[in-house]
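Excluded from the calculations below are hydrogen atoms, water molecules and symmetry mates; all remaining heavy atoms, backbone and side chain alike, are included. Just follow the structure's listing: the first ligand is 1, and inside any ligand the first atom is 1.
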Amino acid sequence: MGFKLAVLPGDGIGPEVINAALQVLDVVSELGGVTVERETALIGGIAIDESQDPFPPATEQLVHAADATLLGAVGGPKWADGPKTPEQGLLRLRASLGLFANLRPFEVLPGLEEFTPLKRPFQGGVIIRELLGGLYYGEPRGITAKADGEAEAVDTARYTTAQIERVAHIGFQLARQRGVPLMSIDKANVLQTSKLWRQTVMALGQREYPDVTLAHRYVDAAAMEMVLAPERFQVVVTENLFGDILSDLSGGLVGSLGVLGSATVAGIGQGKGLYEPVHGSAPDIAGRGIANPIGAIWSLSLLLEWSFGLQPMAKLVQQAVRDITQNGIRTPDLGGRATTEEVTEAIIGQLRRLSENVTMDRE
Ligand code: NAD
Ligand code: IPM
Ligand code: MN
C-alpha cells in the first residue's frame with residue numbers, strides 16, 4: 001500500500017514537532033507495511049525568506065498531488081509586520097485545497113488531570129470549525145488611509161447557506177455516530193452571518209437529522225459553559241473565528257495547547273486531508289528542543305485514520321501517547337522535564353511494544 005504525503009514544517013517549533021511526527025511515521029510504515037512517499041516544501045515565514053511568497057507555487061503543486069498534507073506551524077515576530085505574512089500562506093493553503101471542515105478533538109490524556117481546571121472525569125469532545133469562510137476570507141478587507149490622517153480598517157464576515165450546510169452535515173453525522181447531541185455555536189443575537197448560521201443548522205437538523213438532538217449557544221456564554229460543563233460540548237460545530245478561539249480554550253481545558261491535533265477534510269470518508277496541530281509556532285520556546293510533540297503526533301494519527309484508512313494503526317499511536325503521559329514522560333508545558341526527542345522516543349518505544357500484541361488489519 002502506498003501513499004503520497006506533503007510535509008510542510010513551516011516556522012518556529014513547526015520543524016521540531018514535524019520531525020517528531022515523521023519519526024513516528026517511520027515506525028508506523030515499518031510496523032504496518034505501508035509505503036509513504038514524502039516530499040517537503042516551504043510555507044510561511046521561511047517561504048517568504050526564500051521566495052518572497054508564503055505559499056509558493058511549488059508548494060501548491062505538491063499539496064495537490066499528495067494524498068495528505070502534514071503541516072507544522074507558521075508565523076513569528078520576524079514577519080509579523082511585513083507586507084506579506086506567514087499566516088496568509090496558511091490561509092491560501094487551506095483555500096487552495098478546498099477543505100472546509102477542521103476537526104479539533106480534545107481529551108484529557110491520562111495522568112494530566114492535575115494540569116486541567118476540571119474537577120470531575122471528562123471524556124472529551126471535538127470542535128468542528130468551519131475553515132474557509134467568515135471574517136478570515138470575506139471581502140472587502142484592508143486598511144486605508146483617510147483624508148483626515150486617520151486610518152480605517154475593514155474586515156467582512158460572509159457565509160452562504162451552502163457553506164454552513166456542508167460543515168453542519170459533518171457535525172450532525174459525527175453526533176449521530178457518537179450518539180450525543182450536536183452543539184452549534186454562533187452569535188445570532190447580533191451578527192447576520194450567525195442568524196443565517198442558526199437558521200440553516202436548525203432547518204438541516206429538522207429535514208435530515210431529526211434523530212440528533214441539536215442545541216445552540218451564543219459564543220460568549222459557550223466560552224463560560226465549556227469551562228464549567230465541558231461534557232455538554234462533545235460535538236461542536238461553529239464558524240471559523242469562534243472555532244479558532246474555542247479550540248485554544250479546549251487546549252486550556254485539557255492542560256496544554258501542545259497536545260491538540262487537527263484534521264481538515266471535505267467530509268467523512270473523503271480521502272484527502274490537511275493535518276496540523278492546533279498550536280502555533282511558539283516563538284517563546286522555539287529552537288530549544290522542548291516543544292511538546294503530541295499535537296503533531298496526534299495530527300499524524302488523524303491522518304492515518306482519515307486519509308490513509310489505517311484506523312487500527314491510528315488508534316495504536318493514540319494509545320502509545322496516552323500510555324506515556326500516564327507514565328509521567330512530559331515536556332515542560334506539562335510540568336515535566338523531558339525534551340521533544342525524549343517524548344517522541346518514548347512514544348515510539350511504546351508503539352513498538354503495543355504492536356507486538358496486535359495484528360494489524362489493513363483496510
Ligand atoms: P502559540 O500557539 O504559538 O503559543 C501559545 C503558547 O502556547 C506559548 O506560550 C507557547 O510556548 C505554548 N505552546 C504552543 N505550542 C506548544 C507546544 N507544542 N509545546 C509547548 N508549548 C506550546 O500561539 P501564539 O504565541 O499566539 O502565536 C505564535 C505564532 O504562531 C503567531 O505568528 C501565530 O500567528 C502563529 N500561529 C500559527 C498557527 C498555525 O500555523 N497553525 C496556529 C496558531 C498560531
Ligand atoms: C490556527 C491559527 C491560524 C488560524 C492562524 C495562524 C492563521 O490560529 O490554525 O488556529 O487562525 O486559523
Ligand atoms: Mn488558532
Exercise for the section: Using a cut-off of 6.0 Å, state whether more than 12 heavy atoms not belonging to R207 lie near its atom CZ. Expected result: yes
Exercise for the section: Please state which part of V278 comes within less than 4.0 Å of ligand 1, counting heavy atoms only: side chain, backbone, both or neither. Expected result: backbone
Practice task
Report yes or no: does D248 have a heavy atom closer than 4.0 Å to ligand 1?
Solution key: no
Practice task
Sort out for me which residue in S301, S307, S262 forms a side-chain hydrogen bond (donor to acceptor under 3.5 Å, both in side chains) with Y275.
Solution key: S307
Handout entry: Presence of salt bridge, K78 and D49, under 4.0 angstrom
Key = yes
Exercise for the section: Using a strict 4.0 Å threshold on nitrogen-to-oxygen distance, state whether R198 and D186 make a salt bridge. Expected result: yes
Practice task
Run the salt-bridge test on E305 and K315 with the 4.0 Å N-O cut-off and return the result as yes or no.
Solution key: yes
Handout entry: Protein heavy atom at shortest distance from atom 11 (O) of ligand 2
Key = Y136 OH, 2.6 Å
Handout entry: Heavy-atom protein neighbour under 4.0 angstrom from atom 3 (O) of ligand 1
Key = yes
Problem - Heavy-atom neighbours of E231 CD exceed 12 at 6.0 Å - result: yes
Problem - Pair E276 + R94: basic N to acidic O under 4.0 Å - result: yes
Handout entry: Geometric class of the F172/Y209 ring pair [parallel <30°, tilted 30-60°, perpendicular >60°]
Key = parallel
Practice task
Determine, for K187 against D220, whether the closest basic-nitrogen to carboxylate-oxygen distance falls under 4.0 angstrom.
Solution key: yes
Exercise for the section: Please work out whether any backbone atom (N, CA, C, O) or any side-chain heavy atom from C-beta onward of R104 is under 4.0 Å from ligand 2, and answer side chain, backbone, both or neither. Expected result: side chain
Problem - Ion pair E113/R120, N-O distance below 4.0 Å - result: no
Fill in the blank from the handout: Of all protein heavy atoms, the one nearest atom 31 (C) of ligand 1 is E87 OE2, 3.6 Å
Exercise for the section: Tell me, please, if D244 has any N/O/S atom, main chain or side chain, under 2.8 Å from the Mn ion (ligand 3)? Expected result: yes
Completion exercise
Residues H279 and A73: closest non-hydrogen pair is O-CB, 4.2 Å
Problem - Closest protein heavy atom (residue, atom, distance) for atom 8 (O) of ligand 2 - result: D244 OD1, 3.3 Å
Exercise for the section: Say whether, by atom type as modelled, one donor and one acceptor occur between the side chain of T238 and the main chain of I185 under 3.5 angstrom. Expected result: yes
Practice task
Starting from atom 29 (C) of ligand 1, locate the nearest protein heavy atom and write down its residue, its atom name and how far away it is, to 0.1 Å.
Solution key: S281 OG, 3.2 Å
Exercise for the section: Please say whether more than 12 non-hydrogen atoms of neighbouring residues, nucleotides or ligands are located less than 6.0 Å from CG in L228. Expected result: yes
Problem - Over 12 foreign heavy atoms within 6.0 Å of CG, D81 - result: no
Exercise for the section: Identify, for atom 7 (O) of ligand 1, the protein heavy atom at the shortest distance, and state residue, atom and that distance. Expected result: L257 CD2, 4.2 Å
Exercise for the section: Could you tell me the residue and atom name of the protein heavy atom closest to atom 22 (C) of ligand 1, and the distance to it rounded to 0.1 Å? Expected result: I285 CD1, 4.1 Å
Fill in the blank from the handout: Looking at A296, G280, P277, the heavy atom closest to atom 1 (P) of ligand 1 belongs to G280
Problem - Option with minimal heavy-atom separation from atom 28 (C) of ligand 1, where the choices are P86, P283, G75 - result: P283
Fill in the blank from the handout: atom 13 (N) of ligand 1: closest protein heavy atom, distance to 0.1 Å, is A282 CB, 4.1 Å
Exercise for the section: Could you list the atoms of ligand 2 found under 4.0 angstrom from a heavy atom of R94? Expected result: 1 (C), 4 (C), 9 (O), 12 (O)
Exercise for the section: Please check atom 19 (N) of ligand 1 for a protein heavy-atom neighbour under 4.0 Å. Expected result: yes
Fill in the blank from the handout: of all protein heavy atoms, closest to atom 6 (C) of ligand 2 is E87 CG, 3.6 Å
Exercise for the section: Using non-hydrogen atoms of the residue, decide whether A291 is closer than 4.0 angstrom to ligand 1. Expected result: yes
Exercise for the section: Mark up the atoms of ligand 2 that fall under 4.0 Å of a heavy atom belonging to R129, in ascending order. Expected result: 1 (C), 4 (C), 9 (O), 10 (O), 11 (O), 12 (O)
Practice task
Verify the contact flag for atom 15 (N) of ligand 1, where contact means a protein heavy atom under 4.0 Å away.
Solution key: yes
Exercise for the section: Answer yes or no: are there more than 12 heavy-atom neighbours, outside E139 itself, under 6.0 Å from its atom CD? Expected result: yes
Exercise for the section: Assess I13 for proximity to ligand 1: is some non-hydrogen atom of it under 4.0 Å away? Expected result: yes
Problem - Element-labelled atoms of ligand 1 that are located less than 4.0 Å from some non-hydrogen atom of E276 - result: 41 (N)
Practice task
Looking only at protein heavy atoms, identify the closest one to atom 37 (C) of ligand 1 and say how far it is in Å.
Solution key: V74 O, 3.1 Å
Practice task
Would you indicate which of K78, R288, H279 comes nearest to atom 42 (C) of ligand 1 when only heavy atoms are counted?
Solution key: H279
Fill in the blank from the handout: Residue, atom and distance of the protein heavy atom nearest atom 8 (C) of ligand 1 read D284 OD2, 3.4 Å
Completion exercise
atom 39 (C) of ligand 1: closest protein heavy atom, distance to 0.1 Å, is L90 CD2, 3.7 Å
Problem - Min N/O separation G76 to ligand 1 under 3.5 Å - result: yes
Practice task
Could you tell me whether a side-chain N or O of K272 sits under 3.5 Å from a main-chain N or O of L97, the two making a donor and an acceptor?
Solution key: no
